[in-house]
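A, B, ... follow the sequence lines: proteins, then strands. Residue 1 opens every chain.
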2 protein chains.
Amino acid sequence: MNTLSYGLLSLLSKDSRTGYELMQHIQPFWPAKHSQIYPLLAQLEQMGYVEFVHVPQSDKPDKKVYSLTASGLKALQEWIGLPTDAPVTRDEFALKVYCIGLVDKDEAMKMLLERENYYIQKKEQYGESFEKVKRLSKKPLEELEIHDPLFGNYVLIRKATLKVEADLFWCEWMKSKLK
Amino acid sequence: MNTLSYGLLSLLSKDSRTGYELMQHIQPFWPAKHSQIYPLLAQLEQMGYVEFVHVPQSDKPDKKVYSLTASGLKALQEWIGLPTDAPVTRDEFALKVYCIGLVDKDEAMKMLLERENYYIQKKEQYGESFEKVKRLSKKPLEELEIHDPLFGNYVLIRKATLKVEADLFWCEWMKSKLK
DNA sequence: CTTGGCATGTAACCCGTTACATGATTTG
DNA sequence: CAAATCATGTAACGGGTTACATGCCAAG
């Protein structure tokens, strides 16, 4: 059982989903390709942590809809109580910034603006996710409490938004340094 | 040539270093173990991007001090101009927060405080790095410009500090949600 | 008429971690 | 006396990406 496996159980604790959907929705938390997810789902099924139903479709390919079992839920809750690994970030851009003095100001500024655009797009995406959660929720988001199914979504979007705002602030600050 | 290889060249563009030192100093940018670095250095040497001198030591084991060659510098500068991969973060804590509703408020608060402590320690570390750079610099840090060898260090510590402050702000906000 | 989305799976490969191996000195 | 630091390396394993494979439908 690796972290990605628990990640899949985490998503399934809220909704039954196909492998394809799991692949799409786990990206913000733990990037993974379908080629990694399908074999793990087969494993989880053999361990009895998930089960699936075949759903034939006429217009699209048939699919397998996975759900969390009682023993899967138990495993998930135990994992939450276990010590948590430190986050790992790998950012090629940071390596380039470290030795940015090797290129001239113009090229450095070009790189910075590209990265700033990337952050702007991310911020927009988080804004859309926020609106989506707002629409799904009956209560105003500030009133959501821990056991609301949307609580996790809400607080993680807030976390991502704060992070991207810090990144954009840094970009602004950097621009003044490269003038 | 993978990203880590360019990372090693990036560090060597500032100082000649041993594999061991490279392993220590690349951690904030691109976490890697010595077992990954030593074979890459051997490759880089065969490609002519780095060279080394044997330095016998009496008290400690002998070492190989690596330096960047002219062709290594060229490769490094070309890499900087190439498109940059998006950053990748994997955070087990985020997965747990997503389904935090599966445990009670007390356990959730315990997890949050643990993570907050982790961030506090990180912030202290960045503070120390900042002081270290300040001591090494002849000029006040705000006056460093792009071609100063300390510029990269300075702006990356600033970036990391802004990030950890955003994380701590989020923790404070979360604590009020779990009361 | 080609590209992208839906939907599943396998195989080969590269990247990264853990473990094995050695050995002296310093610190607790 | 045990653990940590310096210092280098290899081997085995698990995690993650790219590529191979299939096939239908919708949109540009």
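When the C1' atom of D:dT10 is taken as reference, atom CD of B:Gln43 falls 14 Å away, rounded to whole Å. Look at CD1 on B:Ile37: it is 15 Å from C1' on D:dC6, rounded to the nearest Å. Atom C1' of nucleotide D:dT8 and atom NE2 of B:His54 are separated by 10 Å, given to the nearest angstrom.
Screening residues 53-90 of chain B for ring-ring contact (aromatic ring centres under 6.0 Å, His included), with sequence neighbours left out, gives B:Tyr6-B:Trp79, B:Phe52-B:His54, B:Phe52-B:Tyr66. For residues 104-113 of chain B, there are no side-chain hydrogen bond (donor to acceptor under 3.5 Å, both in side chains) pairs, not counting sequence neighbours.
With hydrogens and angles disregarded, a donor-acceptor distance shorter than 3.5 Å links the side chain of A:Lys177 to the backbone of B:Glu142.
Seen from the ring of B:Tyr98, A:Lys14 counts as a face-on cation partner, given the 6.0 Å and 45° thresholds.
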Just list the side-chain donor-acceptor pairs under 3.5 Å for residues 122-141 of chain B, sequence neighbours left out, or say none.
from     : atom 1 : to       : atom 2 : distance (Å)
B:Ser129 : OG     : B:Gln125 : O      : 3.0
B:Ser137 : OG     : B:Lys139 : N      : 3.3
B:Ser137 : OG     : B:Lys139 : O      : 2.7

Show which side-chain atoms of residues 15-35 of chain B pair as donor or acceptor with protein atoms under 3.5 Å away, not counting sequence neighbours.
from    : atom 1 : to      : atom 2 : distance (Å)
B:Ser16 : OG     : B:Ser67 : OG     : 3.1
B:Thr18 : OG1    : B:Tyr20 : N      : 3.4
B:Thr18 : OG1    : B:Glu21 : N      : 3.0
B:Glu21 : OE1    : B:Thr18 : N      : 3.0
B:His25 : ND1    : B:Glu21 : O      : 2.8
B:Gln27 : OE1    : B:Ala32 : N      : 3.4
B:Gln27 : NE2    : B:Met23 : O      : 2.7
B:Gln27 : NE2    : B:Ala32 : O      : 2.6

Find every protein N or O atom lying less than 3.5 Å from an N or O atom of nucleotides 5-7 of chain C, and list the pairs.
from  : atom 1 : to      : atom 2 : distance (Å)
C:dC6 : OP2    : A:Tyr20 : OH     : 3.1
C:dC6 : OP2    : A:Gln24 : NE2    : 3.1
C:dA7 : OP1    : A:Gln57 : OE1    : 3.4
C:dA7 : OP1    : A:Gln57 : NE2    : 3.0

Requested in this report: At under 4.0 Å between heavy atoms, which parts of nucleotides 15-20 of chain C does protein reach? Answer with one letter per nucleotide, 5' to 3': B base, S sugar-phosphate only, - none.
Outcome: SBBBB-
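Residue-environment remark: CD (A:Gln46) stays at or below the threshold of 12 foreign heavy atoms within 6.0 Å.
At a threshold of 4.0 Å, the pair B:Asp167-A:Lys163 does not count as salt-bridged, since none of the basic side-chain nitrogens sits closer than that to a carboxylate oxygen.
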